[in-house]
Structures are given as structure tokens and as C-alpha cells.
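Numbers for residues simply follow the sequence, beginning at 1.
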Amino acid sequence: MVNTPQVTEVAPIIVTALFGRQDTAFFDSMRREHFPPERNQLDAHLTLFHHLPPSGLDELKHRLNQETRGIGAPQARIGGLISLGRGVAYRIESPDLVGIRARLADAFTGMLTPQDAGGWRPHVTIQNKVSPQVAKLLLGNLQHDFSPRGVEIAGLGAWWYRGGPWEAISRHMFA
């Protein structure tokens, strides 16, 4: 008898904003430099939703298409740095992206986890799970030379979360 793997595994869906190439390279290099290597399993990302149910996948794809197809990319910038206590993140400011997320949240009301239903703080984590002293040192070093700058939001992505690195479902690019 052949043992076949189960493909019916239920996995939550993560939704992220996708950065342009230059910004992806910048954020990824910061993660490689400052994230503990054994914990750095993902590329840099800006999470819109941490856990949507797989039952909503078709509706999610439809709505992501509506938000991106033929539409210009939202204006966005790195507005500052955020202390995560045991890490550091870049704060992303984008009223347009906030609007997109709000419309998606409204569409999935009742399916959102408490984390996703609560307030949204758009950020890109570049360091996490380090001692508070190490995080405070990096925050101070980065704040010393920081100035806000634009960042390209190229699209929106959906991913399966199965306990390790994320598995791509779909990408929805802005015009």
C-alpha cells in the first residue's frame, strides 16, 4: 500500500503588501543584517492580515483583483522606526493602503481573528526575538541617521501559512 500525503490540510491565509524590487532588496538586507539567522525564514513583508480562513480564498482573490487591477500603486513612505521591545521595525505610512485594508476588513468581518480585527500598525520588522538591550541599540543607531523616504507598494499577495516559510497563493499587481 502506498502512503499518499493529505492535500486537504487546512491552512490560514496571510495577506501582504508587495514592495518594488529596490525596496524589497533594502528591507531584506536589513533583515539579513539584524534578524537572528535561525529565525529569518521569510523575506521582508508588510502584513495586512495574519490569518484569514481558507474558505474565503475565492472571495479574497476577487477582492484583491478589484483593489489592484488597472489601479495605480498607493503612495507610501517609511515614516519612522518602531520599537518592538525585543526588535525593531520600520513604520510604513500610506493612507491609500490603510483604505485598501479597511475595505478588505469590512468584506471579511466575522472571519477576522482578534489580531486582524484590532487596530492595524503597518510596519516591516527588521529585527525580532533579540534581547531588549540589543533592540534598543539598533533602534538608536537607525534613528541617528533616519529620514523618511518613499517606498513602492507594487501589489498585494496572498500566502498559505503551514508552520514554516509561506507558500505563495497569488500576486495582484498595481498598474
Minimum heavy-atom distance [X]-[Y], with the two atoms named:
| X | Y | value |
| --- | --- | --- |
| P54 | P12 | CD-CA, 4.5 Å |
| L48 | R101 | O-NE, 2.7 Å |
| D23 | E152 | OD2-N, 2.6 Å |
| I153 | A17 | CG2-CB, 4.1 Å |
| H34 | Q127 | O-CG, 3.3 Å |
| A11 | R162 | CB-NH1, 3.6 Å |

Checklist entry - Given the rule in the ring pair (Phe, Tyr, Trp, His ring centres under 6.0 Å) test, do H45 and W166 qualify, once you have shown the distances and angles that lead to the verdict? => result CA-CA 11 Å; H45 54 278; W166 301 346; 4.6 Å; yes
May I ask whether [X] and [Y] are part of the same hydrophobic cluster, defined by side-chain heavy atoms of I, L, V, M, F, W, Y residues being less than 4.5 angstrom apart, directly or through others?
| X | Y | result |
| --- | --- | --- |
| I82 | I78 | no |
| L139 | F35 | no |
| L46 | I13 | yes |
| L112 | V98 | yes |

When rounded to the nearest 0.5 angstrom, what distance separates [atom1] in [X] from [atom2] in [Y]?
| X | Y | atom1 | atom2 | answer |
| --- | --- | --- | --- | --- |
| T113 | H51 | OG1 | NE2 | 6.5 Å |
| L64 | R69 | CG | CZ | 11.0 Å |
| L42 | R31 | CG | CZ | 6.0 Å |
| M30 | T125 | CE | OG1 | 12.5 Å |
| F19 | D28 | CZ | CG | 9.5 Å |
| I14 | L52 | CD1 | CG | 9.5 Å |

Checklist entry - Does a sphere of radius 6.0 Å around CZ in R103 hold more than 12 heavy atoms from other residues, nucleotides or ligands, not counting ones at 6.0 Å or beyond? => result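 Check passes, neighbour count above 12.
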Checklist entry - Any chance CD of Q22 has more than 12 other-residue heavy atoms, nucleotides or ligands included, within less than 6.0 Å? => result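 Incorrect, the count does not exceed 12.
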Can you check whether [X] reaches [Y] side chain to side chain, under 4.5 Å on heavy atoms?
| X | Y | answer |
| --- | --- | --- |
| M173 | L18 | yes |
| H50 | Y161 | no |
| D43 | T24 | no |
| F49 | L60 | no |
| P53 | F108 | no |
| L142 | I126 | yes |
| V124 | F26 | no |
| K61 | I169 | yes |

Checklist entry - Any ion pair linking R63 and D106 (charged N to carboxylate O, less than 4.0 Å)? => result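 R63 and D106: not salt-bridged.
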Checklist entry - For the side chain of W120 and the backbone of T47, is there at least one donor-acceptor N/O pair under 3.5 Å apart? => result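 Yes; judged by distance alone, with no hydrogens or angles, the pair exists.
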For residues 84-97, which side-chain donor-acceptor pairs fall under 3.5 Å, sequence neighbours excluded?
unit_1: R86; atom_1: NE; unit_2: V130; atom_2: O; d: 3.4
unit_1: R91; atom_1: NE; unit_2: E93; atom_2: OE2; d: 3.2
unit_1: R91; atom_1: NH2; unit_2: G79; atom_2: O; d: 2.8
unit_1: R91; atom_1: NH2; unit_2: E93; atom_2: OE2; d: 2.9
unit_1: E93; atom_1: OE1; unit_2: R77; atom_2: NE; d: 2.6
unit_1: E93; atom_1: OE1; unit_2: R77; atom_2: NH2; d: 3.0
unit_1: S94; atom_1: OG; unit_2: Q75; atom_2: O; d: 2.6
unit_1: S94; atom_1: OG; unit_2: L97; atom_2: N; d: 3.1

